[in-house]
A.B. asks: 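Let me give you the structure first, and then I'll get to my questions.
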Amino acid sequence: MKRISYYESERMCEATFLSGCCWWHLYTPGNLTSLLFADDDDYRFAMNLTARCIAEFPALKVVAFEIMSNHLHIVLCGDKNIINEFFTLYRKRLKRYLSKKVQGRLSNQFQMSLKPINDLKALREAIVYVNRNGYVVNPAYTPFSYPWGTGRYYFNDFPLEKRLEDLGYIQTRKMLRSRSPELPGDYLVIEGHIAPPSYCSLKLGMSLFRNAHHYFSMVSKSVEAYGELAAELDDGEFLTDTELFTQVVKLLKADYGAVKVKDLSPAQKQDLARKLRYDYHSSNGQIRRTLNMTQYEVDS
């Protein structure tokens, strides 16, 4: 197989980007919304809800999404008015579901924000940011194993064999919690929910990267770019503990002339904790683990 040059690959990616109408990053506020999904059953419902709603708006092309415990991120291409209709339907059905759960109700803060994506670089960063989201927040997962989104399917031949039509009508209704689950029978099913390759434009999303190496490099290395994006979205943690510690090592030398955290004075450690909170959106728990502080010190 002839290897495509770097410049030819970039030209093809740019052409793919320009072929789309309007690109957007849809997100809801994780810092304001209370818990939405408390267990795997809730997450499975959310995955199936996403599949059903996207299927009703075929003009939208979703290239990445991730469902978190109290918010969601979606990268998609389409008309703004249609996206508004999509989210209105999503919110209506989610509200109905939560009214029957322990959570009780859907917070009024659960509203959609749309950030336009104007160039290929920003689109790549948005896709990687979204696909990393669950991995960053939950240390039990890698970027390629978090089940509630598209990350695990990017450049990964994930085995999907069961089809929706294999389940039968009654089991399909039960899984989708719908009286009329009108979805294509060839949709693929995994672990109790419709698999994203069935209804998302993942091939389109992957074609925006030069190759698998390019994508994996962005997943593991470009942490500074995600910091800027997290700040724009007012989002939560965007670095793993290991990635954050790497940034701490840089800050120690550049800002305090120190080599180790233990070399800092109490005032310097407090100053560093504030930087991690406001510049890197780290949670109190992550700051406690990284700087070896007590929970009381961090909360104070």
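Everything quoted here is computed from the prediction, not taken from an experiment.
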A.B. asks: Nearest 0.5 Å, please: how far is SG in Cys13 from CZ in Arg124?
C.D. replies: 4.5 Å
A.B. asks: Check each of Leu160, Leu164, Thr172 against Tyr187 using the side-chain contact (heavy atoms from CB on, under 4.5 Å) test, and report the only one that passes.
C.D. replies: Leu164
A.B. asks: Would you mind checking if Arg11 and Glu14 are paired as a salt bridge, meaning a charged N to carboxylate O distance below 4.0 Å?
C.D. replies: no
A.B. asks: Can you see whether Tyr215 engages Asn131 through a side-chain donor-acceptor pair at a distance of less than 3.5 angstrom?
C.D. replies: yes
A.B. asks: Do you know which of Ser217, Ser9, Ser5 makes side-chain contact (heavy atoms from CB on, under 4.5 Å) with Arg210?
C.D. replies: Ser9
A.B. asks: Taking 4.0 angstrom as the limit, do Asp39 and Arg44 come out as a salt bridge?
C.D. replies: no
A.B. asks: Between atom CD1 of Ile194 and atom CG of Leu188, what is the distance when rounded to the nearest 0.5 Å?
C.D. replies: 8.5 Å
A.B. asks: Strictly below 4.0 Å, N to O, side chains only: are Arg152 and Glu191 in salt-bridge contact?
C.D. replies: yes
A.B. asks: Decide side-chain contact (heavy atoms from CB on, under 4.5 Å) for Trp24 and Leu123; before the verdict, give the C-alpha distance in whole Å, the side-chain angles of both, and the deciding distance to 0.1 Å.
C.D. replies: CA-CA 8 Å; Trp24 308 91; Leu123 179 55; over 6 Å; no
A.B. asks: By salt bridge (charged side-chain N to carboxylate O under 4.0 Å, His left out), which residues pair with Arg96, not counting sequence neighbours?
C.D. replies: none
A.B. asks: Provide the closest heavy-atom pair for Asn156 versus Phe144 in the form atom of the first, atom of the second, distance.
C.D. replies: ND2-O, 4.4 Å
A.B. asks: Could you grab the distance from atom CE of Met68 to atom CG of Leu36, nearest 0.5 Å is fine?
C.D. replies: 11.5 Å
A.B. asks: Rounded to the nearest 0.5 Å, how far apart are NZ of Lys115 and CH2 of Trp23?
C.D. replies: 14.5 Å
A.B. asks: Check Arg52 against Ser178 and note the closest heavy-atom contact, atom names and distance.
C.D. replies: NH2-OG, 3.6 Å
A.B. asks: Give the minimum heavy-atom separation between Ala126 and Ile117, together with the two atoms involved.
C.D. replies: CB-CD1, 3.9 Å
A.B. asks: For Phe86 versus Leu60, what's the shortest heavy-atom pair and its separation?
C.D. replies: CB-CD1, 3.8 Å
A.B. asks: Would you say Val259 and Asp263 make side-chain contact, with heavy atoms under 4.5 Å?
C.D. replies: yes
A.B. asks: Taking NZ, NE, NH1 and NH2 as the nitrogens, is one of them in Glu125 or Lys121 under 4.0 Å from a carboxylate oxygen of the other?
C.D. replies: yes
A.B. asks: Closest approach of Phe65 and Cys200, non-hydrogen atoms and distance?
C.D. replies: CE2-SG, 3.7 Å
A.B. asks: Provide the closest heavy-atom pair for Ser107 versus Arg91 in the form atom of the first, atom of the second, distance.
C.D. replies: O-NH2, 3.0 Å
A.B. asks: Students often mix this up, so state it plainly: with edges at 30° and 60°, are the rings of Tyr27 and His25 parallel, tilted or perpendicular?
C.D. replies: perpendicular
A.B. asks: Do the charged groups of Lys250 and Asp255 touch, with an N to O distance under 4.0 Å?
C.D. replies: no
A.B. asks: Main chain of His71, side chain of Thr28: is a donor-acceptor contact present, judged purely on distance under 3.5 Å?
C.D. replies: no
A.B. asks: Using 0.5 Å steps for rounding, measure from the CD1 atom of Ile67 to the OH atom of Tyr43.
C.D. replies: 8.5 Å
A.B. asks: Applying side-chain contact (heavy atoms from CB on, under 4.5 Å) to Tyr97 and Leu49, what does each step give before you reach the verdict?
C.D. replies: CA-CA 10 Å; Tyr97 171 78; Leu49 173 62; over 6 Å; no
A.B. asks: Do Ile82 and Leu76 share a hydrophobic cluster, counting only Ile, Leu, Val, Met, Phe, Trp and Tyr and linking them when any side-chain heavy atoms are less than 4.5 Å apart?
C.D. replies: yes
A.B. asks: Are more than 12 heavy atoms, taken from residues, nucleotides or ligands other than Lys269, located less than 6.0 Å from that residue's NZ atom?
C.D. replies: yes
A.B. asks: Flag yes if Phe158 and Ile127 sit in one hydrophobic cluster, no otherwise; membership is Ile, Leu, Val, Met, Phe, Trp, Tyr, and two members link when side-chain heavy atoms are under 4.5 Å apart.
C.D. replies: yes
A.B. asks: So, using salt bridge (charged side-chain N to carboxylate O under 4.0 Å, His left out) as the criterion, who are the partners of Asp166 when residues are at least two apart?
C.D. replies: none
A.B. asks: Students often mix this up, so state it plainly: with edges at 30° and 60°, are the rings of Phe155 and Phe216 parallel, tilted or perpendicular?
C.D. replies: perpendicular
A.B. asks: With hydrophobic residues grouped by side-chain heavy-atom distances under 4.5 Å, do Leu18 and Phe209 end up in a single group?
C.D. replies: yes
A.B. asks: For Leu276 and Leu251, what are the C-alpha separation, side-chain angles and deciding distance, and is it a side-chain contact (heavy atoms from CB on, under 4.5 Å)?
C.D. replies: CA-CA 10 Å; Leu276 298 186; Leu251 291 172; 4.2 Å; yes
A.B. asks: What's the separation between atom CD in Glu56 and atom CG in Leu183, rounded to the nearest 0.5 Å?
C.D. replies: 8.5 Å
A.B. asks: Measuring centre to centre across the rings, with the benzene-like ring taken for any Trp, is Tyr129 within less than 6.0 Å of His73?
C.D. replies: yes
A.B. asks: Can you confirm whether Met175 sits close enough to Val189 that some side-chain heavy atom of one is under 4.5 Å from a side-chain heavy atom of the other?
C.D. replies: yes
A.B. asks: Who passes ring pair (Phe, Tyr, Trp, His ring centres under 6.0 Å) against Phe57, sequence neighbours left out?
C.D. replies: none
